[in-house]
K.L.:
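This structure is in structure tokens; I'll ask about it shortly.
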Amino acid sequence: MTMNRRLFLGTMAAGSAILSAPMVLGQAKPRVVVIGGGAGGATAARYLAKDSQGALDVTLIEANPIYTTCFFSNLYIGGFYNFEDLQHGYDKIAAGGVTVINDLATGVDRAAKTVTLAGGQTVPYDRLVLSPGIDFREGSVAGWSVADAEVMPHAYKAGPQTQLLKAQIEAMPQGGTFAMIAPPNPYRCPPGPYERISMVAWYLKQNNPTAKILIADPKENFSKKALFEEGWGRHYSGMVEWVGPDMGGNEIEVRPGSMEVLIDGEVTKVDVCNVIPGQVAGQIAALAGVTADSGWAPVDPANMRSKMDENIWVLGDSSAQGDMPKSGFSANSQAKIAAMAIRGDLLGSRVFPAKYSNTCWSLIAADDGVKVGAAYEPTPEKIASVESFISQTGEDAALRKATYEESLGWYAGITADMFG
Ligand SMILES: Cc1cc2nc3c(=O)[nH]c(=O)nc-3n(C[C@H](O)[C@H](O)[C@H](O)COP(=O)(O)OP(=O)(O)OC[C@H]3O[C@@H](n4cnc5c(N)ncnc54)[C@H](O)[C@@H]3O)c2cc1C
């Protein structure tokens, strides 16, 4: 057998595994447990198993048997995607050598290096990857708590909430009002609320053209603001009213019982109210004790390793890493860097300098797609943007259509990369 580069690296990896993690014959392989089978966790589990070629024992713990992507869930609301198109199972990840456990992780014992599950099981690890997404900051919108999401949905974790929001929009009376309470920074998917407004407006323009959309926003500025405002003016003239902090967008109360929104004390009766509250790291990150006062988990910009525990990596939305937006693209990019670093750590395989990337596409109307993105590199302090790009106002229809088509390709690509 001739020694090619891959075999050579594989031999190196196996050799250094024995050096860096001494094991006696018959001892189990190093165990990596991943909590959260979304953009970060599914990618990490898949790459850890695939690239270690059986040298690691990889377990993925995911609460839901089916993952529904938040990405493109706004297109479902607009009628461009079916709900089933957003759903993905874990069969291929399991077939790729990952042990998939369908259960909720309820605790992490960092001293014992174990994860406890709602079902009662205890799962030991040598390295733990946390990619649990987001949870909501109770009290961030006066009058609203997570229990009110059945009346005023957030639809910011995709699934039944997304279906509920769509059903409510479809049931709006002619000329009714859709309200959104937009979130404070930082939050998952910076353009997400505004793409959602575009998709709601698209639906209403076809089915309820005298309806109104009201956005109360605590932020002065938001992602791709000029592009969205141009698009709303062009496609949905007179339908969308954005109320920023100057006009009371940061002085909000909602009353789920009477379907009222109070902006700076002024009461508006609404038919649908989409409350997107303030956010923090997925709860298991806090339970593991790896979050800071900010509610997010600080990580080493070079490899996504927790700054609080060298045996833990935190990916995606839950992490506090610097300039990267909380997006599926970012989580997927970070997961590959983390998987490489963990293999280096446990198996001694070669670790290359980290390069991260992100692009966030948004659909404003049929064939009117825009995007923003950047390349990132670690500095000692943070993951820093080194090169960025953004769609321009006034672009022609052909370019916007091409941008939308690019986003379709991205969705197919990232879901294949996550789920196999
Ligand atoms: C409306 C909307 C539109 C978006 N559009 C885009 C887009 O176009 N492009 C883009 O890149 N991003 C987009 N995003 C953002 C993207 O969805 C998130 O940034 C991304 O999913 C983050 O990945 P993650 O791995 O951190 O979390 P997630 O993908 O949310 O995965 C977390 C997983 O962990 C599981 N979990 C959590 N806690 C536990 C536990 N204790 N035990 C077991 N399992 C647990 C959850 O069930 C979930 O499956 C959008 C988001 C929204 C809301």
Side-chain angles (χ1 to χ4, degrees), residues 33-45 59-78 81 86 88 90 100-108 115-119 123 129-135 154-159 161-162 165 180 183 186-200 223 274 276 279 281-288 296-297 304 314-319 321 324-335 338 357-363 369-373 407-408 410-411 413-415 418:
V33 172
V34 180
I35 300 180
T43 309
T59 300
L60 175 63
I61 300 167
E62 166 54 51
N64 297 309
I66 299 287
Y67 180 81
T68 308
T69 60
C70 275
F71 21 110
F72 280 41
S73 64
N74 290 328
L75 276 66
Y76 159 69
I77 289 172
Y81 247 59
L86 306 174
H88 306 271
Y90 294 94
V100 179
I101 300 179
N102 184 210
D103 204 347
L104 181 75
T106 51
V108 174
V115 176
T116 47
L117 305 183
V123 185
V129 179
L130 299 175
S131 195
I134 52 155
D135 265 302
H154 53 76
Y156 234 61
K157 292 185 185 186
Q161 276 281 299
T162 323
L165 183 65
M180 172 187 282
Y187 62 95
R188 127 180 308 185
C189 194
Y194 311 99
E195 181 188 57
R196 177 170 293 169
I197 291 297
S198 309
M199 291 293 92
V200 173
S223 175
N274 177 203
I276 308 177
Q279 296 162 27
Q283 193 194 18
I284 193 70
L287 292 173
W296 307 100
M304 305 302 293
V314 187
L315 310 179
D317 292 354
S318 284
S319 65
Q321 36 68 23
M324 296 186 82
K326 297 184 185 300
S327 75
F329 197 131
S330 295
N332 172 262
S333 172
Q334 293 160 5
S357 58
N358 177 67
T359 303
C360 285
W361 287 268
S362 303
L363 187 61
V370 291
K371 63 180 174 181
V372 59
S407 76
L408 299 178
W410 169 76
Y411 186 91
I414 190 175
T415 49
M418 287 164 65

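Fair warning: this is a prediction, and the values are worked out from it, not measured in the lab. Note that ligands are numbered from 1 as they come in the structure, with each ligand's atoms numbered from 1 the same way.
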K.L.:
Put together the list of close N/O pairs, under 3.5 Å, between ligand 1 and the protein, could you?
P.N.:
| unit_1 | atom_1 | unit_2 | atom_2 | d |
| --- | --- | --- | --- | --- |
| ligand 1 | 11 (O) | Gly328 | N | 2.9 |
| ligand 1 | 11 (O) | Phe329 | N | 2.9 |
| ligand 1 | 12 (N) | Gly328 | N | 2.9 |
| ligand 1 | 19 (O) | Asp317 | OD1 | 2.7 |
| ligand 1 | 19 (O) | Asp317 | OD2 | 3.3 |
| ligand 1 | 19 (O) | Lys326 | O | 3.4 |
| ligand 1 | 19 (O) | Ser327 | N | 3.4 |
| ligand 1 | 19 (O) | Gly328 | N | 3.3 |
| ligand 1 | 21 (O) | Tyr67 | OH | 3.3 |
| ligand 1 | 25 (O) | Ala39 | N | 3.4 |
| ligand 1 | 25 (O) | Gly40 | N | 2.8 |
| ligand 1 | 25 (O) | Ser131 | OG | 2.8 |
| ligand 1 | 26 (O) | Asp317 | N | 2.9 |
| ligand 1 | 29 (O) | Ala39 | N | 3.2 |
| ligand 1 | 29 (O) | Tyr67 | OH | 2.5 |
| ligand 1 | 30 (O) | Arg188 | NH2 | 2.6 |
| ligand 1 | 41 (N) | Ala105 | O | 2.9 |
| ligand 1 | 42 (N) | Ala105 | N | 2.8 |
| ligand 1 | 44 (N) | Ala63 | N | 3.1 |
| ligand 1 | 47 (O) | Glu62 | OE2 | 2.7 |
| ligand 1 | 47 (O) | Asn64 | ND2 | 3.4 |
| ligand 1 | 49 (O) | Glu62 | OE1 | 2.7 |
| ligand 1 | 49 (O) | Glu62 | OE2 | 3.1 |

K.L.:
Please confirm whether Lys326 makes a cation-pi placement over Trp296, using NZ or CZ under 6.0 Å from the six-membered ring centre and within 45° of the ring normal.
P.N.:
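Lys326 over Trp296 ring: yes.
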K.L.:
Excluding sequence neighbours, so at least two apart, what forms side-chain hydrogen bond (donor to acceptor under 3.5 Å, both in side chains) with Ser319?
P.N.:
none
K.L.:
May I ask you to decide if the ring planes of Tyr156 and Tyr187 are parallel, tilted or perpendicular, using 30° and 60° as cut-offs?
P.N.:
tilted
K.L.:
List the atom of Leu86, the atom of Phe71, and the distance in Å for their closest heavy-atom pair.
P.N.:
CD2-O, 3.8 Å
K.L.:
Quick one: side-chain hydrogen bond (donor to acceptor under 3.5 Å, both in side chains) partners of Ser223, sequence neighbours excluded?
P.N.:
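side-chain hydrogen bond (donor to acceptor under 3.5 Å, both in side chains) list for Ser223, sorted by chain: empty.
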K.L.:
Using the side-chain hydrogen bond (donor to acceptor under 3.5 Å, both in side chains) criterion, which residues pair with Ser318? Sequence neighbours excluded.
P.N.:
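For Ser318, no residue satisfies side-chain hydrogen bond (donor to acceptor under 3.5 Å, both in side chains) once neighbours in sequence are set aside.
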